[in-house]
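Notes follow the structure.
The residues of the chain are indexed from 1 along the displayed sequence. Since this is a predicted model, take the numbers as computed values, not measurements.
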Amino acid sequence: MGRADERRARQRGGRRAAPRNRTSEQAEPEITAEGGTTTVVESPAAEGATRAERRRAAAKKPGKPGKPGNGAPGKPAKGRIRRLFTWKKMLGAFFTVCLLGIGGFIALYMMVSVPEGNALAQTQSNVYKYSDGSVLARKGTVNREIVDLSKVPKDVQHTFVAAENKTFYSDSGIDLRGMARGLYNTARGRGTQGGSTITQQYVKNYYLSQDQTVTRKLKELVISLKVDREKTKDEILAGYINTSYYGRGAYGIQAAAQAYYGVDAEKLSVQQGAYLAALLQAPSQYDWAVAGPVGKKLVKARWNYVLDNMVGQNWLDKTKRDAMKFPIPKAPKAASGLEGQKGYLVELANTQLENQLMKSQGVTRSEAEALVVDQGWTITLNIDPKKQTKLEAAVKSQLTSKLDGKKRKVDNNVQAGAVSVDPKTGKILALYGGVDYYKHYTNNATRADYQPASTFKPIILASALDRDAKTQDGKDINANTIYDGTSGRAVKGSDIAFSPPNEDDADYGNITVQTAMNKSVNSVFAQMGVDVGMKNVLKTADDLGLDTESLQAVPAMTLGSMGASPLEMASVYATLDNHGQKVTPTILASAEKTGRKVDLPDPIGEQVISREAADQVTSVLTGVVDDGTAKVSVAQNPLRKGQQVAGKTGTSDSNKSAWFTGYTPDLVTSVGLFGEAKKNGAQVSLTGATGLISGTGRINGGGYPAQIWAAYTFGVTKKAKFDLDTKLGAAVKPSETPTPSLTPSETPSETPSSTPTKSATPSQTPSQTPSSTPTKSPSPTTSAPSTPAESPTDGTTDNPLDPANEQ
């Protein structure tokens, strides 16, 4: 029967004949038993029923008892969720979302046009204020000179492409994967994490802002595509290198070439161009003149990365590349309007604001600088104008007025730095960065390339007290513990042979820790550091505020052989003054821009060492002032009006630096003097400066640094005494300690100059003396095995810093 016959049969109400060649669809008749009688029920399929008829017939089939209409026995019906999420529906939804996304992007592409360039229009002056609201400085002059790309050597052009975007000449102006990652991180509040092409960075610099928002990123994507179509690659590259910020107040490659190498852009070498290209990643951190050891290491690695990429792109011959040496930039010059101390204060304020934006917004250092420098901020500093004036006057009266470079060449090499901090609030109240920001660009208050020397010793004692450390013979370490102060004595228990001499190679014999601190005895604290464990000492140093990222836990560190800044040492001593609660000094009081206020972290942090440990260190350090290396300059200073003072002097190897960091209950100030060659910035000796010191002319921490400290501090603080939770140390016993020594047989002939009989035993605490002056405890130290004194006295063998980093 044909299809026409079938249709006519259905119209007549007849049954549809079974279709030809469809034998597989025929079904056997169903047989049911009813009361013993067999009934044959014909299946509609057997008669060629329609699909609808077959479905109705299937619905009438008996199911499991109690569950009619289930279809085949034991087969459950589809769930509602299963019916909703079929693969067809999900695939359809996916394609719908894709189409909507494409449509939305097309609409966005049509709506967003390339705006007028606004980089110059967005550059505004920042206003900096003292803590009392008076204006410190206004900074907003743009150092920029646009140059044609033809004025930039082709090889130098390639350095920027190799550094930022190797596919620049072939891509469409965007990096989709990098952009997607950036959008995701921005939406999650994580800021950007790279991935931008040169075109995108140019668009952000010239057409848009540095705001980290999804809207700005979408605009950046669209405008980048359009700019790539409308402009040539050379035009885009020229725009990029002319709008980028290179640090030192330089916008654009021409200003950067002058700022770093004193040449025009057309005179740049490939090596210099590679440095400038590397610099864009973090201008301030990578500026060779102010970078620390880590920054210098990173920028060198980035410089090598740029040149290696150029070789990989066949833009540079490998033989020429292998012969290239890192081009150290020239010393920087300050921008106008920041004379005197203003530039140093503004520089630190900018740096700390950038640090906060990096932390809160997840931006890179380069992006943070672009957000801060000349962007219309009103920044209020914690600097007290009266204290600032006093500190500047103290440096002038006690030091700079006595320098005469025409009479003595060494006087040209003397640099001073100081930071003054409120230990209860963490506010930086005054700062001295150098003679003048115009004359000396490097901030001496924040530079960390000179050794802090013996000002590190209190950190060793703090670590010992906080950890309940013991000597090699099992005695508790505290202010009254006896050590062998023999100069050049081999340190016992060290894996590295170390035999440090004392200053002037003086021998002190068996002395207490208090006396050792008063007289800054190297041999005692070298042994104490090993007793505590150098890794523990390093951890305590980090907790107190010293940057220990690049340091190694070696015995030479006990002599303060690492680099540190006056700002870092002020942080360490402020934490001790604050009874062990961490103090992170800040110069920022507030930072606002167009109604937006940046949330600043609390300078006062958690308890990093116990109060008992911190207070005992403070008690011991009062002895340094009243009966030690700072006695003449501080304790006997005529300006002192009863203020109780704790502090420590320091004089580094070869007299390249001299320190005094001291504090009263309400003020901590760290003063450092640094020998820096005027010609090339190398570290040189201070010996002979001013021509007023008799003998060798060595500049000690107890000299000019302590004098500057006293002239400033005693002019701005009131009489006050420490609130100490300790029964040990010089602050809790009479300075004369008339009680005779319990161990006269051991000490009189050995230590006539150190007078250990006076400082070993507190007169009012006889119950503590047995542990503080045991007659047998010195013997293990005295009888330490003889070790060849292989370590040089300057500590260079165990210096935790690479000697190549010293300038």
Side-chain angles (χ1 to χ4, degrees), residues 384-404 414 416-423 429-432 454-455 517-520 566 569-570 573 577 618-651 658-673 686 689-695 697-722 729-731 733-737 755 758-759:
D384 182 328
K386 294 181 179 179
K387 286 184 172 62
Q388 180 67 30
T389 300
K390 287 282 189 180
L391 180 58
E392 294 176 28
V395 175
K396 183 177 181 179
S397 65
Q398 301 302 312
L399 178 68
T400 58
S401 63
K402 301 173 183 178
L403 299 174
D404 189 339
V414 179
V419 177
S420 187
V421 178
D422 182 340
L429 303 177
L431 179 146
Y432 186 89
S454 292
T455 57
M517 186 71 80
N518 292 354
K519 298 185 179 299
S520 201
M569 298 313 295
Y573 282 62
D577 198 358
T618 296
S619 181
V620 168
L621 293 183
T622 62
V624 176
V625 174
D626 293 334
D627 195 31
T629 53
K631 182 175 183 178
V632 175
S633 296
V634 180
Q636 297 177 353
N637 194 293
L639 297 175
R640 187 181 185 186
K641 300 177 181 177
Q643 297 97 327
Q644 196 170 22
V645 178
K648 184 70 185 76
T649 59
T651 307
W659 298 72
F660 182 72
T661 303
Y663 53 100
T664 61
D666 60 345
L667 192 65
V668 178
T669 304
S670 180
V671 180
L673 264 58
L686 293 164
T690 72
L692 301 175
I693 301 177
S694 59
R698 180 174 56 194
I699 306 293
N700 290 318
Y704 293 123
Q707 292 170 21
I708 292 171
W709 186 95
Y712 162 69
T713 302
F714 294 146
V716 296
T717 61
K718 298 179 179 179
K719 181 178 179 179
K721 291 188 177 297
F722 292 110
K733 64 184 180 64
S735 59
E736 64 273 11
T737 58
T755 61
K758 293 184 180 181
S759 59

Write down the atom of [X], the atom of [Y], and the distance for their closest heavy-atom approach.
| X | Y | value |
| --- | --- | --- |
| T690 | L403 | CG2-CD2, 3.7 Å |
| S454 | S520 | OG-OG, 2.9 Å |
| A635 | V625 | CB-O, 3.0 Å |
| A418 | V671 | CB-CG2, 4.1 Å |
| K390 | G715 | CE-O, 4.1 Å |

Qualifying residue for side-chain hydrogen bond (donor to acceptor under 3.5 Å, both in side chains) with Y663, from T618, T717, D577: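 Among the candidates, only T618 passes.
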Would you check if [X] and [Y] make a side-chain contact, meaning some heavy-atom pair closer than 4.5 Å?
| X | Y | result |
| --- | --- | --- |
| F714 | W709 | yes |
| V414 | Y704 | no |
| L621 | M517 | yes |

Return yes if some donor-acceptor pair links the side-chain N/O of N700 with the main-chain N/O of G702 below 3.5 Å, else return no.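 No.
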With no hydrogens and no angle check, is any side-chain donor or acceptor of Y573 less than 3.5 Å from a backbone partner on K648?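 A pair under 3.5 Å: no.
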For K396, is the NZ atom crowded, meaning more than 12 foreign heavy atoms sit under 6.0 Å from it?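 At most 12 heavy atoms, drawn from other residues, nucleotides or ligands, come within 6.0 Å of this atom.
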Modelled atom types, side-chain donor and acceptor of T669 and Y712, under 3.5 Å: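 Side chains of T669 and Y712: no pair found under 3.5 Å.
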List the steps, then state whether side chain to side chain contact (heavy atoms under 4.5 Å, CB included) holds for T651 with T629. CA-CA 11 Å; T651 307; T629 53; over 6 Å; no
